[in-house]
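Below: one structure, written as structure tokens.
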Amino acid sequence: MLYHNLSVNAAGHLAIAGIDACELAEQFGTPLYVLDEDQVRANCQTYVKAMREHLPQGSMPLYASKALCFKGIYPVIDSEHMGADVVSPGEIATALAAGFSASKLYFHGTNKTDADIAYGVEQGVGCFVVDNVNELTALGAEACARGVTQRVLLRITVGLDPHTLAAINTGKVDSQFGVPIETGQAMRFVAEALKTDGVEVVGFHSHIGSQIFEATSFCDQVDRLLAFACAVRDELGFVAGTFNLGGGFGVRYVESDPEVDIAANIAAIARHLEAGCEAAGYPVPRVLLEPGRSIVANAGVTLYATGGIKTVEGYRDYVTVDGGMTDNPRYALYQSAYTVLNASRANEPANLECTIAGRCCESGDRIAEGIRIARPERGDIIAVLTTGAYNFAMSSNYNRVLRPALVMLHDGEARLAVRRQTVDDLLSLEL
Ligand SMILES: *Cc1c(COP(=O)(O)O)cnc(C)c1O
């Protein structure tokens, strides 16, 4: 099995954190998002522990809410001593509704509207990650109008290509995120921020991409950010106390993906930063990281009921499921690889090569192609692993398919955290 929280029980069914997947499907219906809370906690603890051990005081991980945002995630994140990154009033409101402290929120976004800015300041968001000069000016005006000083990090583009997918690569010079160092604009951005009333610059933010497996990309990022910070110190006399290095640690979707040792990577990044600061005579800044995928992805499994096998003679076998791109658009967007199991026959050999197809009227509605699972019968439960990140969060009502429920597993018990959407929910917006 890909993960240690998966097993096969006496009934021959897949068990997630010891709980029978077929019974979960029976009790809560399908499709169903299942999130192993204990795995989320273990992932959080890896970050918190390694960052406390290797980085200056005040360093901590911020959960990137966009990976999976619903009320139930925030008490977990909070009790594991993490902050959170949010990108919209919707994410802020969700965190606040769950009792998460506004002061531990970092507000991202490339194009925050005036209303977004006003909402964030009003709610007392701890820190804005300011993307560009337009936002800086608007935020300064808003803070002044309210008589407050807003703490900010400035989003800097370091000009790195960590060789991941173009769609999730955000650190290149030519990108809509942040302000580039290479063109000289980042220096002017900092100079402008330092003289903007209503904002207090606490440091720099940079995010280079996602699904990154090696520490070297992060070390290159540290080099560039530190060189920039030194140039800022020399030119403007400002010393940054915080480096936010963004998210992006990779996770395993299939057996052939490398295992990522997050604690070792953090240690390596910390050593690299310390050595660089020592050489440059720069005080070691506190570090923030923004893991999203690596906190929730491997804690999630999606369960579907199959409509059976549809054979196109001479071509291939399709196994149809009662969900698809509406609950998991990642294959349609990025051709992402997934590990798929027949949860009803978890100890039978994977003897059917097939394509897993969703229910939408869209030929791209697939979850995986050319994979092998135990030959299913109509009604078998199909489990797709590693769906905790960017699945629920990216779900849609295309074809008016209803959004699945989400259950959380903790201490051997399953609890409904998000109920299944109903047709009435869908129609409730329409006049
Ligand atoms: C997407 C994103 C993250 C999270 O990335 P993961 O790959 O999920 O860890 C963190 N910070 C920023 C700014 C992002 O855009």
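Because only heavy atoms are used, hydrogens play no part in the values below, and waters and symmetry mates are left out as well, while side chains stay in. In each ligand, atom 1 is the first atom listed, and ligand 1 is the first ligand listed. Note that the numbering runs from 1 along the sequence shown for the chain.
Taking the six-membered ring for Trp, His108 and His205 have ring centres closer than 6.0 Å. Checked against the 6.0 Å centroid threshold, Tyr338 and Tyr331 do not count as a close aromatic pair.
Shown in contact with Arg155 at under 4.0 Å from a heavy atom are these atoms of ligand 1, numbered in order with element: 13 (C). Per-residue contacts place Ser210 under 4.0 angstrom from the following atoms of ligand 1 (heavy atoms of the residue considered): 6 (P), 7 (O). Listed by number with element, the atoms of ligand 1 under 4.0 angstrom from any heavy atom of His108 are 13 (C). Annotation for ligand 1: atoms under 4.0 Å from non-hydrogen atoms of Ala64 are 3 (C), 4 (C), 10 (C). For ligand 1 and Tyr390, the ligand atoms under 4.0 Å from any heavy atom of the residue are 1 (C), 4 (C), 5 (O), 6 (P), 8 (O). Taking every heavy atom of Glu290 and a limit of under 4.0 angstrom, the matching atoms of ligand 1 come to 3 (C), 4 (C), 9 (O), 10 (C), 11 (N), 12 (C), 13 (C). Each of the following atoms of ligand 1 lies closer than 4.0 Å to a heavy atom of Gly247: 9 (O), 10 (C), 11 (N). Per-residue contacts place Asp85 under 4.0 angstrom from the following atoms of ligand 1 (heavy atoms of the residue considered): 10 (C), 11 (N).
Heavy atoms of Val129 found under 4.0 angstrom from ligand 1: none, in either backbone or side chain. Contacts between His207 and ligand 1, counted as non-hydrogen atom pairs separated by less than 4.0 Å, involve the side chain only.
Annotation: Glu413, atom CD; neighbour count of heavy atoms from other residues, nucleotides and ligands within 6.0 Å does not exceed 12. Within a 6.0 Å sphere centred on CD of Glu278, other residues, nucleotides and ligands contribute 12 heavy atoms or fewer.
Proximity of Pro291 to ligand 1 is established by a heavy-atom distance of less than 4.0 Å. Proximity of Phe177 to ligand 1 is not established, as no heavy-atom distance is less than 4.0 Å. Contact analysis puts Gly248 in contact with ligand 1, with a non-hydrogen atom separation below 4.0 angstrom.
For the residue pair Arg403 and Thr326, no side-chain donor N or O sits within less than 3.5 Å of a side-chain acceptor on the partner. Of the N and O atoms on the side chains of Tyr390 and Asn328, not one donor lies less than 3.5 Å from an acceptor on the other residue.
Put simply, the side chain of Phe100 reaches to within 4.5 Å of the side chain of Leu105, judged on heavy atoms.
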- Decide side-chain contact (heavy atoms from CB on, under 4.5 Å) for Val340 and Leu385; before the verdict, give the C-alpha distance in whole Å, the side-chain angles of both, and the deciding distance to 0.1 Å. CA-CA 6 Å; Val340 183; Leu385 309 186; over 6 Å; no
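Taking 4.0 Å as the cut-off between side-chain N and carboxylate O, Asp78 and Lys104 count as a salt-bridged pair.
At least one N or O atom of Lys66 sits closer than 3.5 Å to an N or O atom of ligand 1. Remark: ligand 1 and Gly209 share no N or O pair separated by less than 3.5 Å (distance only, no angle test). Any N or O atom pair closer than 3.5 Å counts here, and Arg293 shares at least one such pair with ligand 1.
Pairing each heavy atom of Thr339 with each of Tyr253, the nearest pair is OG1-O, 2.6 Å.
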